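Contents: one structure, followed by commentary.
What you see is a predicted model, and the numbers here were worked out from it, not measured in a lab. In the text below, chain A, chain B and the rest are named by the order of the sequence lines, each starting its count at 1.
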Amino acid sequence: MMAPVRVRFAPSPTGHLHVGGARTALFNWLTARHHGGAFVLRIEDTDRSRSTDEHIASIVEALTWLGLDWDEGPPAPGYRQTERLEIYRAHAEQLLAAGRAYYCDCAPEELDRQRQAAHQRGETFRYSGRCRDRALGAGALRLAIPPAGATVVDDLIHGPVTFEHGQLDDWILVRTDGTPTYNFCVVVDDVTMQITHVIRGNDHLSNTPKQILCYEALGYAVPAFAHVSMILGADRSRLSKRHGATSIQAFRDAGILAEAMVNYLARLGWSHGDQEIFSREELIALFDIKDVASSGAIFDATKLEWLSHEYLKTKAGAALAALVEPFLRGAGLPAPADPARLAAICDTVKERAKTLVELVERARFYFEPPAAYEAKAAQTFLTPEGARRLDLLCARLPAERAWTPAVIEQAYRTLAAELGLKLVDLAQLSRLALTGGTASPPIFDVVALLGRQEALARLRRARAAAGGAS
RNA sequence: GACCCCGUCGUCUAGCCUGGCCCAGGACGCGACCCUUUCAAGGUCGAGAUCGCGGGUUCGAAUCCCGCCGGGGUCACCA
């Protein structure tokens, strides 16, 4: 029987979760769920100065929003590197005892000088190995790397990648002050957490041979690796803040649906035939890390919005009503007391909005009367003739007992016929009166949802704005 | 600079392993038209890639080989 798949996402809490990290997390999560394995969340907080609890909370919040739940990790103890110092120490001692690591007391300034010199000669800097056989009892602990040969990273995405040992150096495992370095922590953590697949960013590919050599020195099996390409900005450089919003919560706050974010991130570098829309279940069933493309991908917010729109359109009004409440508050609008009415409102605007923010803007008129009439339309419709039609509308509408779209439509069509008008003439006039503009959901739905009282009040107000005797 | 990765429509990608079905398919975006009470949605159609460049192998190459070029990443007692 094969060992159960265990993957991990190991962010360092020095900032918010950004889209690149989120995609890496998603690929790990999908791999775990696809194989029925475990997804571990580990916090790489060895950088004490930049790591904060607030950032951990923020990352947890972002992952939760995306629906990427972890089987092991915070808040349970033991998943933060700062809690695992003893484990690193023990492994360092093991390497030292086995003669696979040694202490080095070379002065940093001297190392720096050598680095400069190597650079000058056009070579990759490689530690000289001066302290290798000096059997020192203290200093920085270095890993002794086999001088000859090469190490091959058998990457699931890139295929075999060979690194000559001549390019590698005896890197530092533990600093002079006793703190372990990142590359050492990663290896020890992945080993002790029995990680079977290391799926991470492409920027770690060059570190991988060093780490593999450490696994081997420790006598542990080497996990499978998959290095996911970087997410790029429009100029093809690594995506960063200067390219615009990159944090996951920025997209959440912009009203992008979580399903759309997940779908978009999955499709960025991964594909399955011509399919664009994938439910979470389909993703789990179809995703295979081997199918992820090796080239970098530019983040395209427009396509993300298209996906968000797709999900918005198909979502039930009631579900949207629940999601939309914080956005209503954000727009300074009162959340309606009747959830069914809010759901109905959402249903009328959902196919006209790409995000929840946009949805609220499109629905604004349901909650407050128009502050002004669109100038050009007012000129066209709020005329003496417009006033006459509004009067007729006001006179006809209250006569209808039931205030439903169908009944209202009948009244409109009858009046239009009587006046020898096209429906559009009455519809646009009403739209302007009720919403302040000329674009809205179907007008009969609007009239109905506004309620008899409010709709008539707005029609009368427009009639007054049109001037003339009444 | 050295090492490593990457290079198909503007963008995400299919195809590349197992050459011919590809004078390259889908999607986003863009344009036009249809539908229509507006805006959307939906439908139809269209523009858009000499497959980074140059050689070679072959009857035949996006697909195989070689060499370039371009972009990115890594080279810390940072993570």
Side-chain angles (χ1 to χ4, degrees), chain A residues 10-12 14 44-47 49-51 81 104 106-108 111-112 115 118-126 139-142 153 155 157-159 161-164 166-169 171-183 185-186 201-210 227 229-230 232 234-238 264 267-277 293-307 309 313 349-353 362 377 409 412-413 416 422-432 435 437-444 446:
Chain A
S12 69
T14 54
E44 312 217 314
D45 60 348
T46 46
D47 184 347
S49 56
R50 292 192 299 155
S51 299
Q81 291 184 329
C104 163
C106 290
L111 260 20
D112 228 51
R115 197 179 344 269
H119 193 87
Q120 215 104 110
R121 283 189 314 252
E123 293 169 14
T124 302
F125 170 70
R126 186 167 176 272
L141 191 68
R142 285 185 186 274
V153 178
D155 195 276
I157 293 172
H158 295 280
V161 183
T162 305
F163 294 85
E164 298 294 332
Q167 291 300 132
L168 275 21
D169 74 341
W171 54 286
I172 291 177
L173 303 164
V174 182
R175 301 182 187 95
T176 304
D177 67 3
T179 59
T181 61
Y182 165 80
N183 279 114
C185 292
V186 175
N202 205 198
D203 47 341
H204 291 289
L205 183 52
S206 298
N207 286 328
T208 309
K210 292 160 81 165
H227 289 92
S229 73
M230 218 112 266
L232 280 22
D235 59 0
R236 292 221 148 256
S237 71
R238 189 180 186 154
Y264 179 74
R267 271 291 284 108
L268 201 60
W270 175 84
S271 62
H272 182 261
D274 290 339
Q275 192 171 341
E276 294 287 347
I277 311 247
S294 53
S295 51
I298 292 175
F299 188 85
D300 181 6
T302 305
K303 186 154 183 182
L304 204 211
E305 287 184 346
W306 168 74
L307 271 167
H309 189 194
K313 276 189 305 194
V349 285
K350 67 188 186 187
E351 68 183 26
R352 296 169 171 73
R362 298 291 194 147
E409 174 165 6
Y412 266 81
R413 289 201 183 272
K422 282 187 287 192
L423 186 57
V424 65
D425 299 316
L426 253 28
Q428 287 302 74
L429 171 64
S430 299
R431 227 181 298 268
L432 183 66
T435 73
T438 55
S440 85
I443 195 63
F444 312 122
V446 170

So, for [X] and [Y], which heavy atoms are closest and what is the spacing to 0.1 Å?
X	Y	answer
A/Ser229	A/Ala297	OG-N, 4.3 Å
A/Arg352	A/Arg362	O-NE, 3.4 Å
A/Arg142	A/Leu173	C-CD1, 4.1 Å
A/Pro441	A/Val446	O-CG2, 3.7 Å

Fill in the blank from the handout: Closest to the 5' end of RNA chain B, once A/Val174 and A/Ser237 are matched to their nearest nucleotides, is A/Ser237
Problem - First encountered from the 5' end of RNA chain B, between A/Asp235 and A/His204 - result: A/Asp235
By the 4.0 Å heavy-atom rule, please label [X] as base, sugar-phosphate, or nothing.
X	value
A/Asn207	base
A/Thr46	sugar-phosphate
A/Arg115	sugar-phosphate
A/His272	nothing
A/Ala297	sugar-phosphate
A/Asp155	nothing
A/Lys313	sugar-phosphate

Handout entry: A/Asn183 side, atom CG; A/Thr208 side, atom OG1 - distance, nearest 0.5 Å
Key = 8.5 Å
Protein and nucleotides 21-27 of chain B: nitrogen or oxygen contacts under 3.5 angstrom:
from  : atom 1 : to       : atom 2 : distance (Å)
B/G26 : N2     : A/Arg267 : NH2    : 3.4
B/G26 : N2     : A/Glu276 : OE2    : 3.2
B/A27 : O4'    : A/Glu276 : OE2    : 3.3

Problem - Inter-nucleotide P distance (B/G25, B/C51), Å rounded - result: 14 Å
Practice task
Among B/C28, B/A40, B/A79, find the nucleotide with the atom closest to the side chain of A/Arg352.
Solution key: B/A40
Completion exercise
Looking only at B/A41, B/A14, B/U38, the nucleotide nearest the A/Ala439 side chain is B/U38
Anything under 3.5 Å between a protein N or O and an N or O of nucleotides 33-37 of chain B, put it in a table, one pair a line.
from  : atom 1 : to       : atom 2 : distance (Å)
B/U37 : O2'    : A/Arg431 : NH2    : 3.3
B/U37 : O2     : A/Arg431 : NH2    : 2.6

Exercise for the section: May I ask you to verify if any side-chain N or O of A/Ser271 is less than 4.0 angstrom from the OP1 or OP2 atom of B/A14? Expected result: yes
Exercise for the section: Verify the contact: side-chain N or O of A/Lys350 to OP1 or OP2 of B/A40, cut-off strictly under 4.0 Å; return yes or no. Expected result: no
Fill in the blank from the handout: Rounded to whole Å, the CG-C1' distance (A/Asp169 to B/A76) equals 10 Å
Handout entry: Euclidean distance, atom CG of residue A/Asp300 to atom P of B/U13 [Å, nearest integer]
Key = 11 Å
Handout entry: Whether A/Thr181 side chain and A/Val174 backbone form a donor-acceptor pair below 3.5 Å
Key = no
Fill in the blank from the handout: Partner of A/Tyr264 under ring pair (Phe, Tyr, Trp, His ring centres under 6.0 Å), picked from A/Trp270, A/Phe299, A/Trp306, is A/Phe299
Problem - A/Lys422/A/Asp425 salt bridge by N-O under 4.0 Å criterion - result: no
Handout entry: Counter-base of B/G10, judged by Watson-Crick or G-U geometry with both distances under 3.5 Å
Key = B/C28
Exercise for the section: Take atom NE2 of A/His272 as the centre, draw a 6.0 Å sphere, and report whether it contains more than 12 heavy atoms from other residues, nucleotides or ligands. Expected result: no
Under 3.5 Å between N/O atoms: give me all the protein pairs with nucleotides 1-9 of chain B, atom names plus distance.
from : atom 1 : to       : atom 2 : distance (Å)
B/G1 : O2'    : A/Gly122 : O      : 3.2
B/A2 : O4'    : A/Gly122 : O      : 3.0
B/A2 : O2'    : A/Thr124 : OG1    : 3.1
B/A2 : O2'    : A/Gln167 : NE2    : 3.3
B/A2 : N3     : A/Thr124 : OG1    : 3.2
B/C3 : O4'    : A/Gln167 : NE2    : 3.2
B/C5 : O3'    : A/His158 : ND1    : 2.9
B/C6 : OP1    : A/His158 : ND1    : 3.3

